[in-house]
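Beneath this line is the structure, given in structure tokens, with notes to follow.
Heavy-atom basis, side chains included; hydrogens, waters and symmetry copies ignored. Lettering follows sequence order; numbering is per chain, from 1.
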Amino acid sequence: MVTLSRKFSTATSDSLTYISLKQFSQNPQKSTPFYQIQQQQLEHLKSQIVTTLDGCKNLTQIKQVHARILLSDLEQSCYVLAKLIRTLIKLNFPVDPYPRSIFNRVKYPNPFLYNALIRGYLIEERLNESIELYSLMRKEGAGPLSFTFAALFKACGAKMNMSLGRQIHGQTILVGGFDEDLHVGNSMIDMYIKCGFLEFGRKVFDEMPKRDVISWTELISAYAKTGNMESAGELFDGLPVKDMVAWTVMVSGFAQNAKPREAIMVFEKMQESGVETDEITLLGVISACAQLGAAKYADWIRDVAEKSEFGGKHSVVVGSALIDMYSKCGSVGDAYRVFQGMKERNVYSYSSMILGFAMHGRAHDAMKLFDEMVTTEIKPNRVTFIGVLTACSHAGMVEQGWQIFELMEKCYGIKPSADHYTCMVDLLGRAGRLQEAHELVKTMPIEPHGGMWGALLGACRIHKSPDIAAIAANHLFELEPYCIGNYVLLANVYASCGRWSDVSTVRKLMRARGLRKNPAFSWIESEKGMVHEFFSGDMTHPRSGEIKQALEDLLERLEAKGYQPHLSSVPYDVNDEDKRRILMTHSEKLALAFGLISTLPGSEIRIVKNVRICEDCHSVICGASQIMGREIVVRDIMRFHHFHDGICSCGNFW
DNA sequence: GTAGGGTTAG
């Protein structure tokens, strides 16, 4: 059995050659010259037919070629018939009846012919027919060729048919002749990964006699997708020759697992190693920059993109990613410049730009862009509407929001999803219409998810509404019991209303569930590009003395203009003096004071904070932008705040 | 015939 398969699997001649050779062996002397001449002519005809088939665009043309084949000595040639079948399948003709009938007429189908048909069935997802043909091929002793196996594994992976995949795995071992063929092993690894059995794939990998960069990359990518960057990194370090794809998997792996610093580091190493980058590599590192929100990296990566031969400034994919990156780095102006500079735009470009405007409180610009978009060929999708609704929400445009919400299904056939309802809850909630928001959650036709209750809870924080907050929070405690943010938010709402016993109940619940508050911190880039981090109450910075002094000076000037500390922002039951002291040490204030002393007068200050900005800090920064004449941009966990001349782009809604 | 990808609201 094994010998037979091996013999046929390596055969490249087709049936015609086989028949001619048979004639030759029966009468060598007579047939030699004839055989040689005929063989030459046939080879010529074959290549002619193959070329013609490559140019075929419709059935009539193909049938003409077929007629020509049937009239020639190539009538039984598996080589040209396989090509014929492949052409039909490429042009989306179903395997039954035409290609199948071509196959059925061949007396001695070879593995190529089987393979062409099997692949056709696989494209139609007719797994059973493929397997039947495969079994027939095995029974006839023809093949199988390694790429038939590869195609079978691919189909099993796509259908997540693990048990069939294992059976075929067994077949490859039985045949035993494929140890040398990497494609079979690689497809097998891929199949196990797609079926969700990474460890089976790893086992195949470990047992393969030979591996190539694709075998490694498949596994590295699978580890990255499951969030196991440690295993991905270990494998990657062991990979002897790293190509562009392998590097890219690491870059985007880190980016997708919220490790932007690592992603950028890997990208830098990649460049050092001299490997080229393409569009896809750029996307990974652009996404990392977006997460980091650091302006320094943003300009650097734009330069890299512009210099790269693939990711030139106007590529629609890279351009859209750059728009998102600049928006998240706080430079919505740069984002718009990229948008304007793009030769081609698609739904991603528009959606990203609309979301960018929304994020920065520029609702008017977002709406204008949406209006512009609907005059183009580009159809808005569900994400576009998230952007438009978010814009309405951050600008308090309740009526317009409702209109858009209705338009979405009526004019664009997009059924509002839970996420769209969340935007509406957010819109109503921010506008202070908490009862309506709560009603909407209760009456909408979709099961509310965490995000929706979260939006409601967030609105309760703004409007200090402890009763609805408790309802929303209780749902959240069930839906996402380990998300500390919700507990903190509820405690803050209670604290702002002075309900201290409720505050302590929430704190107890947190402790009981083993949850600890994440320390809040802020960071700021100095002019030299250094990143300075501040935790609340942090006095470890070398310039702490100056920072403290600058902050005191600032507050003094603000108080002279009527600023009063927002004592209700402190969620602890302590006296007012302590509250004042605690507010003084908030991380964003330390970052602000450092920004004031470490940057040139008149220049922009950018601060990033890992949680929501508090009300007191918000009003201090508002004031600072006015009396110090500074543009101040703060990115918190939710959005951007642009402070200019005493006013914030968020309209005091966040 | 095998490996890598952009926008999502609290």
Side-chain angles (χ1 to χ4, degrees), chain A residues 115 118-119 122 145-154 157 181-191 193 212-222 224-225 243-253 255-256 278-284 286-287 290 315-325 327-328 346-356 358-359 381-391 393-394 417-427 429-430 449-461 472 476 480 483 485-486 489 612 637-639 654:
Chain A
N115 190 61
I118 290 175
R119 290 193 48 70
L122 290 175
L145 281 182
S146 58
F147 54 86
T148 307
F149 272 137
L152 287 168
F153 283 130
K154 195 176 172 185
D181 195 326
L182 285 162
H183 291 152
V184 176
N186 287 348
S187 320
M188 208 187 286
I189 294 177
D190 190 53
M191 181 272 296
I193 290 170
D212 65 0
V213 65
I214 295 176
S215 336
W216 292 81
T217 312
E218 278 178 335
L219 269 182
I220 295 171
S221 163
K225 286 208 175 85
D243 71 358
M244 180 167 74
V245 178
W247 280 102
T248 303
V249 168
M250 288 304 288
V251 173
S252 41
Q256 282 159 8
D278 72 357
E279 217 176 65
I280 300 173
T281 323
L282 285 175
L283 292 179
I286 292 172
S287 151
S315 142
V316 63
V317 181
V318 171
S320 306
L322 285 174
I323 292 170
D324 174 57
M325 176 194 74
S327 304
K328 287 183 179 155
N346 63 11
V347 63
Y348 282 83
S349 336
Y350 273 98
S351 306
S352 298
M353 196 62 243
I354 290 171
L355 275 158
M359 214 188 300
N381 67 12
R382 32 183 322 220
V383 180
T384 320
F385 282 104
I386 300 274
V388 180
L389 292 174
T390 306
S393 178
H394 288 301
S417 68
D419 296 335
H420 295 108
Y421 277 101
T422 300
C423 290
M424 293 313 291
V425 170
D426 189 60
L427 173 61
R430 274 174 204 274
H449 62 310
M452 212 165 315
W453 292 114
L456 194 60
L457 181 57
C460 294
R461 184 201 67 92
L476 284 165
E480 19 189 78
C483 180
N486 301 324
L489 223 48
R612 247 185 246 248
I637 192 80
M638 306 307 308
R639 54 169 298 142
W654 73 92

- Bounded by its outermost nucleotides with an atom under 4.0 Å from a heavy atom of chain A, the footprint on DNA chain B reads dG1(B) to dG10(B)
- Message: Applying a 4.0 Å non-hydrogen cut-off, can you work out what Gly450(A) is touching in the nucleic acid: base, sugar-phosphate, or nothing?
- Response: base
- NA contact type, Ile386(A), heavy-atom cut-off 4.0 Å: base, sugar-phosphate, or nothing? base
- Message: What contact category does Arg461(A) fall into here, base, sugar-phosphate, or nothing, at under 4.0 angstrom with non-hydrogen atoms?
- Response: nothing
- Using a heavy-atom cut-off of under 4.0 Å over every strand shown, decide if Ser320(A) touches base, sugar-phosphate, or nothing. base
- Which part of the nucleic acid, if any, lies within contact of Asp426(A), taking any heavy atom under 4.0 Å across all strands shown: a base, the sugar-phosphate backbone alone, or nothing? sugar-phosphate
- How is Gln256(A) classified with respect to the nucleic acid when contacts are heavy atoms under 4.0 Å: base, sugar-phosphate, or nothing? sugar-phosphate
- Message: Between Asp212(A) and Ser215(A), is there a side-chain donor-acceptor contact under 3.5 Å, judged purely by atom types and distance?
- Response: yes
- Under 4.0 angstrom, heavy atoms only, what part of the nucleic acid is Thr281(A) near: base, sugar-phosphate, or nothing? base
- Message: Does Asp243(A) reach a base, just sugar-phosphate, or nothing at all? Heavy atoms under 4.0 Å.
- Response: base
- Return the set of residues passing side-chain hydrogen bond (donor to acceptor under 3.5 Å, both in side chains) with Asp243(A) (not counting sequence neighbours), or none when no residue passes. none
- Message: Applying ring-ring contact (aromatic ring centres under 6.0 Å, His included), can you list everything that pairs with Tyr350(A), at least two apart in sequence or on another chain?
- Response: Phe339(A)
- Task: Assess the side chains of Asp426(A) and His394(A): does a donor N or O sit below 3.5 Å from an acceptor N or O?
- Result: no
- Message: Using a heavy-atom cut-off of 4.0 Å across all strands, would you classify Val383(A) as base, sugar-phosphate, or nothing?
- Response: base
- Message: Any non-hydrogen side-chain atom of Thr390(A) less than 4.5 Å from a side-chain atom of Met359(A)?
- Response: no
- Give one of base, sugar-phosphate or nothing for Leu219(A), where a contact means two heavy atoms less than 4.0 Å apart. nothing
- Query: Going by atom types alone, do Asp419(A) and Thr422(A) pair a side-chain donor with an acceptor below 3.5 Å?
  - Reply: no
